[in-house]
Amino acid sequence: MRIVVAMSGGVDSSVAAALLHEQGHEVIGVHMKLHDVAEGKEAPAGGGHCCGLDDALDARRVADALGIPFYVMNLREAFKAAVMDDLADAYVRGFTPNPCVQCNGVLKFQVLLARARALGAEALATGHYARTDGARLFMAADLDKDQSYFLWPIRPEALARTLFPLGGMTKPEVRAHAERLGLVTAQKPESMEVCFLPDDDHARFIREARPELDGAGDIVDEAGRVLGRHDGYFRYTVGQRRGLGVAAGAPIYVLRIEPDTRRVVVGPAERLTEQGLVATGVSWLRTPAPGEVVTARIRHRGALIPCTVEGTDPLTLRFHAPARAVAPGQSVVLYAGDEVIAGGIIRRAALPDAVAPVA
Amino acid sequence: MIYLDHNATSPLRPAALEAMIPWLGAAANPFSAHALGRAAAAAVDRARGQVAALAGWHREGVYFTSGATEANTTALSRGRWRVSAVEHPSVLVWGDGVVPVDDRGRVVLDGLVDALEGYTGLSVMLANNETGVVEPIAELAALARRAGVLLHVDASQAPGRIPLRVDADFVTLSAHKFGGPQGVGALLVRPGRAPEPLLRGGPQERGRRAGTPNVAGIVGMGAAAACVLDAMRPARRDRLEAGLVALGGRVAGAGADRLPNTTCVAFDGIEAADLVMALDLEGVAVSAGSACASGSPEPSHVLRAMGFVGSAVRFSLGPDTTDAEVDTATDSVARVLARVG
């Protein structure tokens, strides 16, 4: 089978390509060039950019070592339109967006998949830790590495042409394969940050994307008392505790972000708990069976929260027990066991009154 | 592999390779006084004559360089130059003002004399590397003379394809575009216009280009120059182009005078970059636009300057390309288009 493998230059996608090649598939390596690291802004020590020149070179070296064709695809315009512009808007609206989700949903499993078809490939493979049987999407076998949370926007028709060769493996197994195969990326450090935000400095990204935006304002408590100042509401995330610079007796957390007034509302931990959420931009991979037990995950590596689906689009969930820190802009992913059945973008916590007889 | 990317580089002609081989292993510094050095000097001088003959130039006006980029830089890095919008990047970087082209890629002559006021010179290529469009150099030469400015012509794509008789102050040539080796080119200079050297500290190239000459490369360039055809016939390119147009292709610069080996074609429904990759997997080598450092193609400034919408793939034929090869390439394009249709 002819398979396009999205090769970032990291160890995971390198091993994904190598394993498929070893299995006898006709593998084509593709590196997605999504953005430029602007001149004068050095990549942080040790790399970590998925799309920098060095990573493209690493991907190319792996492809050359495997003896497979390798191409760099310029997806900068599509990436800007599909990810970066939305990202800046979301921060301006006080949300905590997740660009990787958007990138997977649009860039990898729509744009790249279509371009893979033009190359005559029957399937697209990535180095994600997740599993698919061609129709359904599951968590990875290695729950520590599971990336299914970031993959919910993938459509069933895309899933039918998608492979996750690492889905059944642990990270040490992947590294061991990389060593066995002598891949130059075997010892490459893990990249945890968003690929185009060096050091995860999203405040800098917003300053550059929206230079006219003045986000400075007050830090207030729920009664509106001013406790301090902040220099940009978009720096904060619901549930954040550190970096508030406000002295209070008990630990305090960000409860809400109010972009209109530029206020960041803080309060004690118990005020962070929510009974449910409403999400939009919903994608269903399958409808739950009547009575099927479902759980929700509201942040990467977050707990699975037992819940009831009260509305399918917008997705309205009632938690069976209160959950902490529902951050608008983050993804909510709905699981049945280890299967992803839906996902969406959190718009607000709690339930609309009509369906929320909260005690 | 069917190679239809001769505008990127054309393989070394066997005659050039044969001429080079002895010099690759020789102790050959043309500036040595001994017999080996004299032999090398004679070989370089012979090559200078061969390149001069190719271009109808006087032998003393041929300065060897490391390639077209160095030749362009030597000619343009001093003074104030107006350059056409479709020039190679190594010319564009020196442009202090751009001359627009029309929708067929030809330099707009109207108002150009006035636009050259205060300039050192004008730089316009003989034939475009992407579209093959041939610029009206004779008219431009007359116009430059009227404006009292110098004319530089990057003729890298011309040898072996169209006659190379250029009335200009400086002409750039590149060996590997016509069957010579990579890493060698020449700047042809009109008498009395000797350029300021870029590289100093040696007497080589009459003090205009310091550094031990690339003897084997220069010999290869001369040998290639001696065996290129004066002109190629367009029949095979036309056969390919007709096939591609029948598949829905739109030709950039159609209707303009073009190199007989080049066609630059856009197809709706597929990015040129994807078609290039897909054709590579089919065993057909072509290209789209130019390549940046990481190998990812940028939108073509040439097509943009012409107002050509879409991205186009360049097919550039060589002297040995066969009908069977262009037919196979056409079939491959049809197969790829069928996937995305």
Side-chain angles (χ1 to χ4, degrees), chain A residues 1-9 25-37 39 43 47 49-61 63-64 67-80 110-124 161, chain B residues 1-3 5 8 89 93 130 244 247-249 265-301 303-304 309-314 328-329 331-341:
Chain A
M1 177 160 59
R2 182 179 283 186
I3 303 169
V4 162
V5 181
M7 295 179 71
S8 67
H25 294 292
E26 184 190 353
V27 174
I28 300 161
V30 169
H31 180 81
M32 304 168 75
K33 187 162 176 59
L34 300 177
H35 56 84
D36 292 308
V37 177
E39 271 185 66
H49 287 261
C50 77
C51 318
L53 193 57
D54 289 350
D55 287 319
L57 287 174
D58 280 343
R60 184 183 295 275
R61 286 185 190 117
D64 286 346
I68 62 172
F70 175 81
Y71 307 107
V72 175
M73 282 190 184
N74 181 359
L75 291 165
R76 278 180 288 199
E77 276 178 38
F79 185 72
K80 185 173 184 307
Q110 283 180 30
V111 177
L112 182 57
L113 195 58
R115 296 183 71 167
R117 187 196 292 271
L119 297 187
E122 291 164 66
L124 169 68
R161 299 201 289 129
Chain B
M1 184 58 102
I2 295 174
Y3 189 73
D5 203 14
V93 291
E130 291 186 28
L244 298 176
L247 293 172
V265 188
F267 295 91
D268 294 332
I270 187 164
E271 290 275 329
D274 290 355
L275 185 51
V276 169
M277 297 172 205
L279 288 176
D280 178 41
L281 296 169
E282 297 272 328
V284 178
V286 295
S287 66
S290 52
C292 89
S294 70
S296 109
E298 296 299 303
S300 158
H301 71 280
L303 298 182
R304 218 167 25 210
V309 178
S311 59
V313 172
R314 175 185 69 190
T328 303
D331 292 345
S332 297
V333 172
R335 257 197 307 280
V336 173
L337 293 177
R339 286 178 199 151
V340 296

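Reminder, nothing fancy here: chain letters follow the sequence lines and each chain counts from 1. Because the structure is predicted, anything quoted here is derived from the model rather than measured.
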Minimum heavy-atom distance A:G120-B:R339, with the two atoms named:
N-NH1, 3.1 Å

A:R161 atom CZ: more than 12 heavy-atom contacts under 6.0 Å:
yes

Minimal non-hydrogen separation, A:A118 against B:A278, with atom names
O-CB, 3.5 Å

Options B:V340, B:D280, B:V336, ranked by heavy-atom pairs under 4.5 Å with chain A, top entry:
B:D280

As an exercise, state the distance from OH of A:Y71 to CG of B:D274, rounded to the nearest 0.5 Å.
10.5 Å

Under 4.5 Å to a heavy atom of chain A? For B:L281 that would be both

Gap between atom CE of A:M73 and atom CE of B:M277 - 0.5 Å precision:
4.5 Å

